[in-house]
Amino acid sequence: MTDKVAFTMKLKPNRIDEYKQRHDEIWPELVALLHENGISDYSIFLDEQSLTLFAVQKVSSTTISSNDKLHENEIMQRWWAHMADLMETNEDQSPVTHALRLVFHMD
């Protein structure tokens, strides 16, 4: 079973182009890691006025249990370090995220 999850992140000022370029060149090993952990159909949108990033992804029922493994994974930690200068981060360099609640869905 798959569900969609959405969350926000925050980009630092004057970093839009670099953020886009780094994602245009996303590491194949990171994409593989996300797929292996049940994450697919992942999109990130940007509100350029507020620099808020809005992410939405499909997750399998196993994703929640594998989320801790992702946080501990060396590939994920390298990606966070690679992106840390572009966005608001936690002490471990993971992006600060805020989960969003689904309030409407139409098939």
Side-chain angles (χ1 to χ4, degrees):
M1 177 176 184
T2 61
D3 289 313
K4 285 185 184 175
V5 296
F7 53 94
T8 61
M9 300 172 283
K10 189 76 170 190
L11 202 55
K12 291 180 179 176
N14 304 311
R15 304 314 308 241
I16 295 170
D17 293 338
E18 183 65 22
Y19 183 87
K20 171 109 173 68
Q21 180 179 345
R22 291 186 195 180
H23 278 82
D24 287 346
E25 300 168 356
I26 194 166
W27 307 335
E29 63 267 31
L30 178 59
V31 173
L33 177 68
L34 294 174
H35 283 149
E36 289 165 10
N37 284 274
I39 297 170
S40 63
D41 196 13
Y42 188 177
S43 299
I44 302 173
F45 299 86
L46 171 66
D47 175 357
E48 292 189 47
Q49 192 170 25
S50 69
L51 297 178
T52 299
L53 297 161
F54 168 77
V56 61
Q57 57 189 218
K58 286 186 181 177
V59 296
S60 71
S61 57
T62 60
T63 302
I64 283 121
S65 62
S66 69
N67 204 22
D68 288 338
K69 292 178 192 172
L70 273 177
H71 278 76
E72 297 170 3
N73 186 282
E74 182 264 338
I75 296 168
M76 183 61 60
Q77 291 176 358
R78 279 193 299 121
W79 180 257
W80 291 341
H82 180 60
M83 299 301 291
D85 63 321
L86 306 181
M87 53 197 316
E88 293 180 4
T89 61
N90 297 302
E91 287 186 24
D92 65 357
Q93 295 188 311
S94 65
V96 173
T97 62
H98 300 282
L100 298 174
R101 182 172 58 109
L102 179 66
V103 295
F104 174 77
H105 173 78
M106 186 182 91
D107 280 326

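Position 1 is the first residue of the sequence; numbering continues from there.
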Subject >> Ion pair check, Asp85 and Arg15, cut-off under 4.0 Å >> reply: yes

What's the separation between atom [atom1] in [X] and atom [atom2] in [Y], rounded to the nearest 0.5 Å?
X: Ile16; Y: Lys20; atom1: CD1; atom2: NZ; result: 12.0 Å
X: Lys58; Y: Asp3; atom1: NZ; atom2: CG; result: 10.5 Å
X: Thr89; Y: Lys10; atom1: OG1; atom2: NZ; result: 14.5 Å
X: Thr52; Y: Leu46; atom1: OG1; atom2: CG; result: 8.0 Å
X: Gln77; Y: Leu70; atom1: CD; atom2: CG; result: 10.5 Å
X: Trp27; Y: His82; atom1: CH2; atom2: NE2; result: 5.5 Å

Looking only at heavy atoms, which two atoms of [X] and [Y] are closest? And how far apart?
X: Gln93; Y: Ala81; value: OE1-CB, 3.2 Å
X: Gln57; Y: Val59; value: OE1-CG1, 3.6 Å
X: Ala99; Y: Phe7; value: CA-CB, 4.1 Å
X: Met9; Y: Ala55; value: CE-CB, 4.1 Å

In one Ile/Leu/Val/Met/Phe/Trp/Tyr side-chain cluster, 4.5 Å: [X], [Y]:
X: Val31; Y: Tyr42; answer: yes
X: Val96; Y: Met76; answer: no
X: Leu100; Y: Ile44; answer: no

Would you indicate whether the side-chain heavy atoms of [Y] and [X] approach each other to under 4.5 Å?
X: Asn90; Y: Thr97; answer: no
X: Asp92; Y: Trp80; answer: yes
X: Lys4; Y: Leu102; answer: no

**OP:** Apply the test side-chain contact (heavy atoms from CB on, under 4.5 Å) to residues Tyr19 and Met83: give CA-CA distance (whole Å), side-chain angles for both, the deciding distance (0.1 Å), then the verdict.
**Re:** CA-CA 8 Å; Tyr19 183 87; Met83 299 301 291; 3.4 Å; yes

**OP:** Quick one: sort the Phe45 and Phe54 rings into parallel, tilted or perpendicular, breaks at 30° and 60°.
**Re:** tilted

Subject >> Heavy atoms of other groups near Asn14 CG, more than 12 under 6.0 Å >> reply: no

Original post:
Is it true that atom CG of Asp24 has more than 12 heavy atoms of other residues, nucleotides or ligands lying nearer than 6.0 Å?
Top reply: yes

Subject >> Sole candidate of Asn73, Leu33, Leu30 that passes side chain to side chain contact (heavy atoms under 4.5 Å, CB included) when paired with Trp79 >> reply: Leu30

